[in-house]
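Below is one structure, written out as structure tokens; the observations come after it.
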Amino acid sequence: MNTLQMALADGMTITKRNALKIKRAPDLLGGVVVLPIVLVLLFAYVFGSMIELPGMSYTEYLLPGIFVMTITTSAQITGYTLTLDLQKGIFDRFRTLPMSPSAVLTGQTVSDVITNVTSIVTMALVGLLVGWRIHTSPLEAVLGFLVLLLFAYAFSWVTATVALALRTPEMFNNVATIVSLPLIFLSNAFVDSSRLPGPLKVIAEWSPISTLIQGTRELFGNTSPAMPVSSAWPLQHAVLASILWSLVLLVVFVPLATRLYKRAVSQ
Amino acid sequence: MPDAIVAEGLVKKYGDVVALDGMELTVPEGTVFGLLGPNGAGKTTTVRILTTLLKPDAGHAKVAGFDVVRDARRLRAHIGASGQYAAVDDHLTGAENLEMVGRLYHLGVKRAKQRARELLERFDLTEAGDRPVQGYSGGMRRRLDLAGALVASPPVLFLDEPTTGLDPRARASLWDVISELVTAGTTVLLTTQYMEEADRLADRIGVVDHGHVIALGTADELKDQVGGDRIELSVTSAADLEAVRRTLAPLAVGDMQIDATALQVTIPVTGGAAALTTALGHLSTERITVRDAGLRRPTLDDVFLTLTGHEADEKIKETVR
Ligand SMILES: Nc1ncnc2c1ncn2[C@@H]1O[C@H](COP(=O)(O)OP(=O)(O)OP(=O)(O)O)[C@@H](O)[C@H]1O
Ligand SMILES: [Mg+2]
């Protein structure tokens, strides 16, 4: 077996392990299936019925935001599982095996793609039930889902890096909650970011979360000519910018997480 | 016989703590080496370096002909390791845990499955094999972890306190497994807190303290090293203990041990039965009632105590000089 084949085979073994873990852990499964359903229903019925937008329903406007909110939340499973594994010493077992050293992190992040597919499909189906529609061609729609998944994958490496730096599940959970809430609310997920006050507006317009939400809205056709998009570059080129953001995150955080993993397990 | 494990001058520091300070050991192929030492002596650190989990600050080591630092990747295909604390995955079943290890050793899917079943049976886990490990007892986890070390039938095996937490039956059966493996040519390095275990399994024992080996040899050689025989006697009243100590001090060739709760005194002597007779004569002159007296060879416990100055197990004894 050459190095690449080994990396792939071992990555798959670890992916399978993580998928089994998620299937058997009710707390993780709740985050992947139940929470997305609750979020879609809650937002669609509570806000969808109260807020009027020019030229489109608020439910359609909201759904891409909820997609993005959910994938950033479930990317945290990577970080959380890593901190748990660090404490249990299972990495000691892995590191005495002749396996590819990259397999632990790739397996972990790839299994997150599986959970992300699960939660996105769940949300899309529930979304269709409550009135969300795709208005674009099937090709664009598929691209929309792929852009979401790519970003989610890159974001898993971000949470992996944070987890390997913090090392304990408690610390990780605290930090993840404190960081992820403002990340979502300081964006165009629920409101038009161009109506935010001064500095908040700049942050929201340049946030990768806003970019991704705008890109997804465009690819699903959840936009309205009556609602102009801000002139900030990433929002004007939202699909391209979303892909660029994902690549930048990967380029920065894959090596960083790999370095931190080596440091964390060699003590 | 070529050596399966060679370690020379290993040093490992954690800040100010010197975990290993010139650790040396040599284990010929097909033999069992027992590392014996008090808590914090450096046993686990040694095992972690030899299994490529940790890089030494100085010194070097070879296992199965591979340098543990330079050839770490290739070495891993030739070793099996079970750490001091069971490293098993709670959400996976016993079978899935072993299968995963088999696949990471690149045995192939079919062989990994088959090997998992074999090992579950060997470690008496067949019934529990399809249940998530979450519901296993401590001893069952321990056995599963050990099974994990054997998945690839590696020629060199590292076991860090393999029987800690096992019941007597599981311990005896693990001893059998290890004996079988060694008969078939496997080299084993194990650490243990149990003298009986080292005595029974290890061809050679290294006593470790403060990060290096302070004594080395077969169980018998070590026992000889701490000197001949032991007189063990018990008295009827605690008040007599001091009198016994005073009376027999001239006979003792090392530290006397006095156990105030068991009313027992252990005196290292030379001269065997004659020494016992002399001792009993002195005591009867002093009119000290002896309830029980006997002569025995030193145990590894005595070796341990004499060499390290620490107690090997949890019994609290008072050492009187
Ligand atoms: N990660 C670490 N950080 C700091 N100090 C450490 C670390 N690991 C070990 N030590 C120290 O190194 C010394 C040797 O530890 P080691 O675990 O090798 O002992 P041991 O012989 O296995 O003990 P035990 O019988 O308790 O398992 C101890 O003083 C310990 O405190
Ligand atoms: Mg130890």
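Just so it is clear: chains get the letters A, B, ... in the order the sequence lines come, proteins before strands, and each one is counted from 1.
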- Task: Go through the steps to decide whether B:D90 and A:K21 satisfy the test salt bridge (charged side-chain N to carboxylate O under 4.0 Å, His left out), and finish with yes or no.
- Result: CA-CA 8 Å; B:D90 275 351; A:K21 279 170 85 101; over 6 Å; no

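- Under a 3.5 Å cut-off, the side chain of A:R24 and the backbone N or O of B:H91 do form a donor-acceptor pair.
- When all heavy atoms of A:R93 and B:V101 are compared, the closest pair comes out as CD-CG2, 4.1 Å.
- Remark: A:N2 CG is packed, more than 12 non-hydrogen atoms of other residues, nucleotides or ligands lying under 6.0 Å away.
- Interface summary for chain A: among B:A87, B:G83, B:G80, the most heavy-atom pairs under 4.5 angstrom belong to B:A87.
- Inter-residue side-chain proximity for B:E99 and A:T13 is flagged as unmet; no heavy-atom pair is nearer than 4.5 Å.
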- Derivation of the side chain to side chain contact (heavy atoms under 4.5 Å, CB included) call for A:I14 and B:L104: CA-CA 9 Å; A:I14 302 293; B:L104 294 173; 4.1 Å; yes

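- In terms of heavy-atom pairs under 4.5 Å with chain A, the best-connected choice from B:A86, B:A77, B:P154, B:P132 is B:A77.
- Distance check, rounded to the nearest 0.5 Å: CG of A:L20 to CG of B:D89 gives 9.0 Å.
- The minimum heavy-atom distance between B:T52 and A:R95, with the atom names listed, is OG1-O, 3.7 Å.
- Side-chain contact between A:P101 and B:R73: present, with at least one pair of heavy atoms (C-beta onward) separated by less than 4.5 Å.
- Sparse packing is recorded around CD of B:E127, with 12 or fewer heavy atoms of other residues, nucleotides or ligands lying under 6.0 Å away.
- Taken to the nearest 0.5 Å, the CZ atom of B:R76 stands 13.5 Å off from the CZ atom of A:F94.
- Heavy atoms closer than 4.5 Å to chain A are found in both the backbone and the side chain of B:Y105.
- Listed options A:R17, A:M6, A:K16, A:K88 were ranked by heavy-atom pairs under 4.5 angstrom with chain B; first place goes to A:R17.
- The environment of A:F145 atom CZ is dense: over 12 non-hydrogen atoms of other residues, nucleotides or ligands sit within 6.0 angstrom.
- For B:T45, no part lies under 4.5 angstrom from a heavy atom of chain A.
- When heavy atoms are compared at a cutoff of 4.5 Å, B:A72 does not approach chain A at all.
- For B:Q114, the CD atom sits in a packed shell: over 12 heavy atoms of surrounding residues, nucleotides or ligands are nearer than 6.0 Å.
- Interatomic distance, CZ of B:R48 versus CG of A:D92, reported as 4.0 Å (0.5 Å rounding).
- For a residue to count as touching a neighbouring chain, one of its non-hydrogen atoms must lie under 4.5 Å from one of that chain's; by this rule B:V151 does not touch chain A.
- Proximity to chain A (any heavy atom under 4.5 Å) is restricted, for B:E96, to the side chain, taken from C-beta onward.
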- Task: Kindly determine whether A:T96 and B:L53 satisfy side chain to side chain contact (heavy atoms under 4.5 Å, CB included), including the steps that lead there.
- Result: CA-CA 7 Å; A:T96 60; B:L53 290 175; 3.9 Å; yes

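- Ranked by heavy-atom pairs under 4.5 Å with chain A, the list B:L92, B:T51, B:N97 is led by B:L92.
- Contacts with chain A were tallied for B:H78, B:Q134, B:M100; B:M100 has the most, counting heavy-atom pairs under 4.5 Å.
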